[in-house]
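Accompanying notes for the structure given below.
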Protein chains: 2
Amino acid sequence: MKTLSVREQLLEHTLVLVRQRGFNGFSYRDLAERVGVKTSSIHYYFPTKEDLVQAAVTEYSARICDHVRHIDTGLPPEDQAREFLQPWLDSAGGDRICLVGMLSTEALLLPEPVHRVLKEFYRVNETWLTRLLESVQAAQHKPAALAPQTMAQAVLGALQNGLVVARLFGAPQRIKAAADLLTVAVSGPVVEPVPA
Amino acid sequence: MKTLSVREQLLEHTLVLVRQRGFNGFSYRDLAERVGVKTSSIHYYFPTKEDLVQAAVTEYSARICDHVRHIDTGLPPEDQAREFLQPWLDSAGGDRICLVGMLSTEALLLPEPVHRVLKEFYRVNETWLTRLLESVQAAQHKPAALAPQTMAQAVLGALQNGLVVARLFGAPQRIKAAADLLTVAVSGPVVEPVPA
DNA sequence: GTCTATAAGGCGATAGAC
DNA sequence: GTCTATCGCCTTATAGAC
């Protein structure tokens, strides 16, 4: 377990605070207390709060998008979908939603460079899902009811709101509706296991 | 066109401000300037900011839920779905998202009485969609790939995030993926009109 | 790099005159 | 009901010592 530099600690705690409370929901004081420095030290690394959030969203988007890009396209579609869904299922029901979902909701408060990263996140994830659904559709005889891109956007949206609702209700399983939507699209009807 | 009381004006402008910027994204000063009163007058009607947001979310949820409850259940499912979708399509691409979607994202900043209204909003909308999908499914020979309740949650989630993304991209048509998901679920494949 | 000290202004909220 | 005036605190941000 590596020791993080102060800058890295600031970034990690910012990721947590934004995912919990949003851009306007935490202060330099909150962040300083968590890392164990004074607020003036934060300004040394991130001159303004916009610099801080820009670094946070860039780091977060890179992590998720890298995860998606590294999914083995040789795997069966069901397995690719499972890999894609993993980070979403992992965070469902905790106190953190997707950082991109949070900041997109607060978009009117944020500068344009942040918008660019948010849009890129949606583009990368939707494009990956579209390709997956296209490959499934190409292997079938009947065309799907919804175009791959349309289903991709619907799935990603359902996942984003799924995290929000799972947290609101304190019910991790509420992410399952969105996950099932993707699962069905790549591999047919979901059959729940029957209790013995 | 009726003249609104000061209290009604405060509530209407609060609905707008929350849908644009969220609970922490506007101040009593912002609201006072818009209505043309001093900030102390706001406290006369709404002693605390939590009182203000409680009144706003209650009013907003009542409006949408009443709209949903008044949809004629005797209509064909496609027409019921169209009615349901109308307020979502109307606000897509503007600067306002769903107030419930906004406050749900900010849930950790808000008191429990607000949570109760947010959850009730999801319950009412999901229940209505579930019933609609059940009625469609009962009239068909094959069972749908997804259970009605699951599809209902996915559709509502896709709509919420659809508003967020439509605003972020400045592209009203981005709400269509979510709308198509519901439309297909109640009436089969969506066929785009071919340009002449 | 990290600190102390402080600036300059915003915030929600209250007291009391009218 | 609406105002003026003000309180106490929080906010982001900066200057300058160490």
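All figures in this text were calculated on a predicted structure; none of them were measured in a lab. Below, chain A is the first sequence line, B the second, and so on; all start at residue 1.
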Out of dT2(D), dT2(C), dC3(C), which nucleotide sits closest to the side chain of Tyr44(A)? dT2(C)
Go through dC3(D), dT4(C), dT2(C) for me and flag the one nearest to the Ser40(B) side chain. dC3(D)
What residues from residues 15-31 of chain B pass a heavy-atom cutoff of under 4.0 Å to DNA chain C? Phe26(B), Ser27(B), Tyr28(B), Arg29(B)
If every non-hydrogen atom of Thr3(A) is compared with every non-hydrogen atom of Glu8(A), which pair is closest and at what distance? O-OE1, 4.4 Å
Does some side-chain heavy atom of Ile64(A) sit less than 4.5 Å from a side-chain heavy atom of Asn125(A)? yes
Can you find a heavy atom in the side chain of Gln149(B) that is under 4.5 Å from one in the side chain of Gln153(B)? yes
Check whether more than 12 heavy atoms from other residues, nucleotides or ligands sit under 6.0 Å from atom NZ of Lys38(A), and answer yes or no. no
Within less than 4.0 Å of OP1 or OP2 of dC3(D), is there a side-chain N or O belonging to Ser41(B)? yes
Given dC3(C), is OP1 or OP2 found less than 4.0 Å from the side-chain N or O atoms of Lys38(A)? no
Relative to each other, are the rings of Phe169(B) and Tyr122(A) parallel, tilted or perpendicular (30° and 60° limits)? perpendicular
Grab the [atom1]-[atom2] distance between [X] and [N] for me, whole Å please.
{"X": "Leu10(B)", "N": "dG1(D)", "atom1": "CG", "atom2": "P", "result": "13 Å"}
{"X": "Leu109(A)", "N": "dG10(C)", "atom1": "CG", "atom2": "P", "result": "17 Å"}
{"X": "Lys49(A)", "N": "dT11(D)", "atom1": "NZ", "atom2": "P", "result": "8 Å"}
{"X": "Ile42(B)", "N": "dG12(C)", "atom1": "CD1", "atom2": "P", "result": "9 Å"}
{"X": "His43(A)", "N": "dA7(C)", "atom1": "NE2", "atom2": "C1'", "result": "12 Å"}

For a salt bridge (charged side-chain N to carboxylate O under 4.0 Å, His left out) check, start with the C-alpha distance between Arg63(A) and Glu12(A), then their side-chain angles and the critical distance, and finish with the verdict. CA-CA 12 Å; Arg63(A) 288 185 192 178; Glu12(A) 289 304 320; 2.5 Å; yes
Do you see a donor-acceptor pair shorter than 3.5 Å between the side chains of Thr183(A) and Asp180(A)? no
Axis-to-axis angle across the helix from dG1(C)-dC18(D) to dC18(C)-dG1(D), five pairs each end, nearest 10 degrees, ~ 0°
Which of these passes side-chain contact (heavy atoms from CB on, under 4.5 Å) with Met151(B): Leu133(B), Leu156(B), Leu182(B)? Leu133(B)
Pick from Ile175(B), Leu168(B), Leu89(B): which one makes a side-chain contact (heavy atoms from CB on, under 4.5 Å) with Leu163(B)? Ile175(B)
